[in-house]
Amino acid sequence: MRNLRLSSHSRRAALGDRGRRAHPDEVVAVGGYLDEQFCQVEDLQDDASPNFTEEVVTLFFKDSARLISNIEQALEKYPKDFSRWDAYMQQLKGSCSSIGASRMKSECMSFRDCCGQGNPEGCMRSFQKVKREHGALRQKLEAYFQLVRQAGPAGAATRPV
């Protein structure tokens with residue numbers, strides 16, 4: 001996935017601000033979904049790889065969907081196997097960190113705290129929040145990438161899956 005970082009022309013067209021890098025709050029329209037790590041991913045995008053950020057985000061959503069499915073299966077098949085649940089959630093938390101998905105990462109940490117406390121109900125509640133944050137982040141980033149695509153050639157990329 002290529003970066004959500006836009007060329008200065010595309011960024012101006014999508015965000016209306018001359019040459020300024022998109023701030024995470026602007027990218028997702030609501031603060032707190034992404035952190036500075038997302039901007040660092042954007043910084044890796046260049047003319048040789050104009051869709052880098054979007055490609056990275058697409059891979060994140062593929063991987064995170066797989067991890068969420070693994071966690072759901074573990075919760076059903078292995079009741080109160082907190083170490084297994086924690087190991088799966090640690091993988092998801094790492095994926096969230098890699099793209100700067102701060103709200104999802106925070107919920108992953110809450111789930112892991114509940115595992116450490118041996119609290120299955122807390123794990124279930126927290127896991128539902130992880131899934132909600134995942135869906136909300138997907139919607140926000142899909143809207144952002146739509147703006148990028150409308151901005152022109154540097155915006156052409158694949159839709160996050």
Side-chain angles (χ1 to χ4, degrees), residues 1-6 11 14-15 21-45 49 51-149 155 157-161:
M1 301 177 157
R2 281 294 137 122
N3 188 336
L4 287 183
R5 180 179 169 198
L6 304 174
R11 186 178 302 118
L15 299 174
R21 177 175 44 165
H23 185 273
D25 292 348
E26 295 169 330
V27 172
V28 295
V30 177
Y33 281 91
L34 297 171
D35 61 24
E36 181 60 27
Q37 177 62 30
F38 183 81
C39 293
Q40 291 177 12
V41 172
E42 284 191 314
D43 286 341
L44 298 173
Q45 184 165 303
S49 53
N51 299 318
F52 180 78
T53 303
E54 189 166 5
E55 291 169 7
V56 169
V57 170
T58 298
L59 291 173
F60 164 77
F61 281 114
K62 286 180 182 177
D63 187 51
S64 60
R66 178 187 56 81
L67 291 169
I68 286 171
S69 177
N70 289 347
I71 295 166
E72 285 177 329
Q73 291 173 15
L75 292 172
E76 290 176 21
K77 290 182 183 178
Y78 306 102
K80 297 187 181 183
D81 188 344
F82 297 109
S83 63
R84 182 182 306 259
W85 298 358
D86 184 65
Y88 281 129
M89 191 58 75
Q90 175 62 23
Q91 291 176 36
L92 182 58
K93 179 181 157 246
S95 291
C96 294
S97 293
S98 71
I99 69 155
S102 58
R103 284 176 61 159
M104 265 191 77
K105 177 183 168 187
S106 177
E107 290 304 332
C108 290
M109 291 168 42
S110 294
F111 179 96
R112 295 189 70 216
D113 288 344
C114 290
C115 285
Q117 297 165 4
N119 179 354
E121 295 82 12
C123 288
M124 298 298 183
R125 280 190 307 272
S126 184
F127 184 57
Q128 293 307 313
K129 290 179 183 178
V130 167
K131 292 194 303 185
R132 281 193 299 272
E133 291 300 332
H134 184 261
L137 180 62
R138 179 185 299 265
Q139 288 179 336
K140 299 292 184 185
L141 288 173
E142 285 176 351
Y144 175 76
F145 286 119
Q146 182 63 36
L147 286 173
V148 171
R149 285 188 286 280
T158 59
R159 180 180 175 136
V161 182

Please assess Leu92 against Met104 for the test side chain to side chain contact (heavy atoms under 4.5 Å, CB included), listing each intermediate value before the final yes or no. CA-CA 9 Å; Leu92 182 58; Met104 265 191 77; 4.1 Å; yes
If you measure from [atom1] on [X] to [atom2] on [Y], what distance do you get to the nearest 0.5 Å?
X      : Y      : atom1 : atom2 : value
Glu133 : Cys108 : CD    : SG    : 10.0 Å
Asn119 : Met124 : CG    : CE    : 10.5 Å
Asp35  : Gln40  : CG    : CD    : 8.5 Å
Lys62  : Leu67  : NZ    : CG    : 14.5 Å
Lys105 : Ser102 : NZ    : OG    : 8.5 Å

List the residues meeting side-chain hydrogen bond (donor to acceptor under 3.5 Å, both in side chains) with [X], not counting sequence neighbours, and say none if there are none.
X      : value
Gln37  : none
Asn70  : none
Ser95  : Asp63
Lys131 : Glu72

Going by ring-ring contact (aromatic ring centres under 6.0 Å, His included), name the pairs with one or both residues in residues 68-109, residues two or more places apart or in two chains. Phe82-Trp85
ring-ring contact (aromatic ring centres under 6.0 Å, His included): which pairs involve residues 97-142, sequence neighbours left out? Phe61-His134
Salt bridge (Lys or Arg N to Asp or Glu O under 4.0 Å) contacts in which one or both residues fall within residues 106-125, not counting sequence neighbours: Asp86-Arg112
Hey, could you give me each pair passing salt bridge (Lys or Arg N to Asp or Glu O under 4.0 Å) that has a residue in residues 91-102? Not counting sequence neighbours. none
Ignoring hydrogens and geometry, is there a side-chain-to-backbone donor-acceptor pair from Ser64 to Phe60 under 3.5 Å? yes
Do Cys123 and Cys115 touch side chain to side chain, with heavy atoms closer than 4.5 Å? yes
Would you say that Ser83 contacts Asp81 through its side chain, given a criterion of any heavy-atom pair below 4.5 Å between the two side chains? yes
Please name the pair of heavy atoms, one in Leu34 and one in Ile99, separated by the smallest distance, quoted to 0.1 Å. CD2-O, 4.1 Å
Side chain to side chain contact (heavy atoms under 4.5 Å, CB included), that's the test. Do Leu137 and Arg103 meet it? Break it down for me. CA-CA 9 Å; Leu137 180 62; Arg103 284 176 61 159; over 6 Å; no
Go through Ser69 and Ile71 one step at a time and tell me if the side chain to side chain contact (heavy atoms under 4.5 Å, CB included) criterion holds. CA-CA 5 Å; Ser69 177; Ile71 295 166; over 6 Å; no
